[in-house]
Amino acid sequence: MKSPPDILVVDDTLENLKILTDILKLENYKVRPALNGKLALSAVRQSAPDLILLDIRMPDIDGFKVCQILRDEPIYKSIPIIFISAADEVSDKVKAFSVGGNDYITKPFNEEEVKARVATHLKIKCYQDKMADMIAEALGEVNILNQEIIATQSELLYRLSEVCETKSLETGLHVKRVSEFSYLFARYSGYCDPDEAELIKQAAPMHDIGKIGIPDNILMKQGKLNSDEWGVMKTHPTIGYTILKGSTRTLIALAAMIAYEHHEKWDGSGYPMQKQGEAISVAGRVVACADVLDALFCKRCYKPAWEKEQVLEFFREQSGKHFDPKLVDVLFEHKQKFMEIKDRLQDQLYQS
Ligand code: C2E
Ligand code: SIN
Ligand code: SIN
Ligand code: SIN
Ligand code: FE
Ligand code: FE
């Protein structure tokens, strides 16, 4: 809203134009007169007024048409338009509102009525503008907050997985492969829609975060673990869950679940809870497959890398034992896509 408010008065009769202009100038408004529809439109385009008084009956472009043209343009949608007409005709009033007008005054003008209606509509416009500003500001703040939360979340997860990788000597590529394998398992099984699969993909890098709590001499031991060491190693899902649980963020909550369940097995012989079948979350089952798939392809400090045929044979043999059979089917049906990821995100750890 400009100060003083800027009012466009449109009438093809000079006399009317003068009467209205005089009334409004007395109220200290800035008044711009226009003698026909065309001039009115160019005046609006030059500078949007705060309110328009618009005669209905004019040659060429009449008042209804001017109103319709302005209402079709988003930036002019909220300018209050008060129609003026000689005839106190009901059909004109109806049409005035149906083309987007806000009010209607009839000639001959009652000075007090003109002032009152103009003042009222300017007040409403002022509130609307304020409201629009506040909403825009609030939305902007929410947006910034959301972006900050998302950025904080990603950075936190990235940093945690980095710490974890450094300790376990796995590379960022391992985490990336597990993520991308997880997406394929989640999508092609039909268990997840694209958004859910994407969320699992983003949470998957955290599955081994609990290895932070495993002593290096166990984590990096060359060769087989003894039973005490194995007992310690088997605590990493619970440690990971403890680190991540309690968050109300969808992503972290899902990451906590994945950390907890990624070593559960379909037949109930996994750890730490011996969950079985569908009692294990989809995300847990998916990442279990993705993690083992990548671990077998990779050289580890305790094992060489496996050949593709060995890996596939292992999955076939473990279908319904370690793995959800439906997910094993996905691996065989979309073998090529899994191999593409393995080849694209290759690192030295693959070489045995
Ligand atoms: P990881 O290296 O990321 O392996 C993840 C999972 O892949 C393993 O979970 C297992 O299910 C599968 N996997 C990896 N290598 C082999 C293999 O040679 N044979 C078979 N059949 N499966 C394999 P798992 O067994 O629960 O182990 C969890 C983590 O414990 C492993 O994560 C690794 O960090 C550690 N780990 C397991 N066994 C040994 C070991 O003998 N020595 C050492 N130093 N660490 C081990
Ligand atoms: C173990 O039982 O020691 C871990 C199994 C493996 O090495 O894959
Ligand atoms: C999902 O479908 O988004 C995973 C939910 C689950 O873990 O069960
Ligand atoms: C591990 O995953 O803990 C073994 C480290 C490696 O050789 O990749
Ligand atoms: Fe693990
Ligand atoms: Fe892993």
Side-chain angles (χ1 to χ4, degrees), residues 160-161 163-179 181-182 185 200 203-244 255-275 280-281 283-324 327-328 331 338 342 345 347 349-350 352:
L160 280 170
S161 54
V163 170
C164 189
E165 280 153 28
T166 319
K167 261 201 98 176
S168 69
L169 308 178
E170 289 166 8
T171 69
L173 285 171
H174 162 68
V175 154
K176 223 174 151 30
R177 286 187 303 262
V178 171
S179 283
F181 289 153
S182 295
F185 281 120
I200 292 178
M206 300 296 94
H207 68 275
D208 269 342
I209 201 77
K211 282 184 181 172
I212 292 175
I214 306 300
D216 287 4
N217 65 318
I218 297 178
L219 201 58
M220 298 181 197
K221 181 175 177 178
Q222 313 270 328
K224 273 225 147 316
L225 302 176
N226 68 35
S227 72
D228 286 350
E229 291 163 337
W230 184 235
V232 172
M233 180 58 85
K234 286 208 296 190
T235 63
H236 82 272
T238 309
I239 295 170
Y241 177 66
T242 307
I243 292 171
L244 297 168
M257 172 88 86
I258 289 171
Y260 209 11
E261 295 185 343
H262 76 281
H263 287 296
E264 298 292 349
K265 297 184 182 179
W266 184 256
D267 64 6
S269 68
Y271 62 91
M273 295 165 289
Q274 286 80 47
K275 281 195 176 180
I280 309 163
S281 70
R285 280 179 266 155
V286 158
V287 175
C289 286
D291 183 36
V292 175
L293 185 62
D294 196 60
L296 295 182
F297 278 137
C298 279
K299 175 183 174 294
R300 288 279 196 261
C301 58
Y302 61 92
K303 64 170 265 299
W306 289 19
E307 293 302 323
K308 176 183 159 187
E309 290 314 318
Q310 275 181 285
V311 173
L312 290 174
E313 185 43 43
F314 182 77
F315 270 79
R316 190 191 301 284
E317 192 262 321
Q318 290 292 322
S319 179
K321 295 179 189 166
H322 189 153
F323 307 117
D324 176 348
L327 296 177
V328 175
L331 176 61
F338 285 91
K342 169 184 171 338
L345 301 171
D347 62 11
L349 289 180
Y350 273 130
S352 32

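Counting starts at 1 for both ligands and their atoms, in listed order. This chain uses plain numbering: 1 for the first residue, then up along the sequence.
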Give the atom numbers and elements of ligand 1 that come within less than 4.0 Å of a heavy atom of F314.
21 (N)
State whether D208 contributes an N/O/S atom found under 2.8 Å from the Fe ion (ligand 5).
yes
Shortest heavy-atom approach to atom 2 (O) of ligand 1 - which of E229, H322, R300
R300
Side chain to side chain contact (heavy atoms under 4.5 Å, CB included) between K321 and K265, worked out:
CA-CA 7 Å; K321 295 179 189 166; K265 297 184 182 179; over 6 Å; no
Could you check whether any side-chain N or O of E264 sits under 3.5 Å from a backbone N or O of M273, counting only pairs where one atom can act as donor and the other as acceptor?
yes
Short side-chain to backbone donor-acceptor contact, K221 and K224, under 3.5 Å
yes
What about W230: any of its N or O atoms under 3.5 Å from an N or O on ligand 1?
no
Is H263 in polar range of ligand 1, meaning some N or O pair under 3.5 Å apart?
yes
Spell out, as yes or no, whether a donor-acceptor pair under 3.5 Å connects the side chain of Q310 to the backbone of W306.
no
Between ligand 1 and H236, is the shortest N or O to N or O distance under 3.5 Å?
no
Heavy-atom proximity to atom 18 (O) of ligand 1, best of K265, H262, K303, K234
K303
Any carboxylate oxygen within less than 4.0 angstrom of a Lys/Arg side-chain nitrogen, looking at D294 and R177?
yes
Mark up the atoms of ligand 1 that fall under 4.0 Å of a heavy atom belonging to K224, in ascending order.
41 (O)
Which is it for I218 and ligand 1 at heavy atoms under 4.0 Å: side chain, backbone, both or neither?
backbone
Look at the side chain of N226 and the backbone N and O of E229, then say whether any donor-acceptor pair between them is shorter than 3.5 Å.
yes
Once the angle between the rings of H207 and H174 is folded into 0 to 90°, is it parallel (under 30°), tilted (30 to 60°) or perpendicular (over 60°)?
perpendicular
Atom indices of ligand 1, in the order listed, that fall short of 4.0 Å to a heavy atom of D291:
3 (O), 5 (C)
Any idea which N/O/S atom from H262 gets closest to the Fe ion (ligand 5)?
NE2
Does any N or O in the side chain of Q318 come within less than 3.5 Å of the main-chain N or O of F315, such that one atom is a donor and the other an acceptor?
no
Would you call the rings of Y271 and W230 parallel, tilted or perpendicular, taking 30° and 60° as the class edges?
perpendicular
Does even one non-hydrogen atom of M220 get within less than 4.0 Å of ligand 1?
no
Could you name the option among V292, N217, L296 that has the heavy atom nearest to atom 10 (C) of ligand 1?
V292
Heteroatom N/O/S of H236 within less than 2.8 Å of the Fe ion (ligand 5):
yes
For G223, atoms of ligand 1 separated by under 4.0 Å from a heavy atom
40 (C), 41 (O), 42 (N), 43 (C), 44 (N)
Considering only heavy atoms, which of P237, A305, A295 lies nearest to atom 7 (O) of ligand 1?
A295
Heavy-atom contact check, 4.0 Å cutoff: does C298 meet ligand 1?
no
Do any N or O atoms from the side chain of T235 and from the backbone of V232 form a donor-acceptor pair under 3.5 angstrom?
yes
Name the orientation class of the two ring planes belonging to F323 and F314 (parallel below 30°, tilted from 30 to 60°, perpendicular beyond 60°).
perpendicular
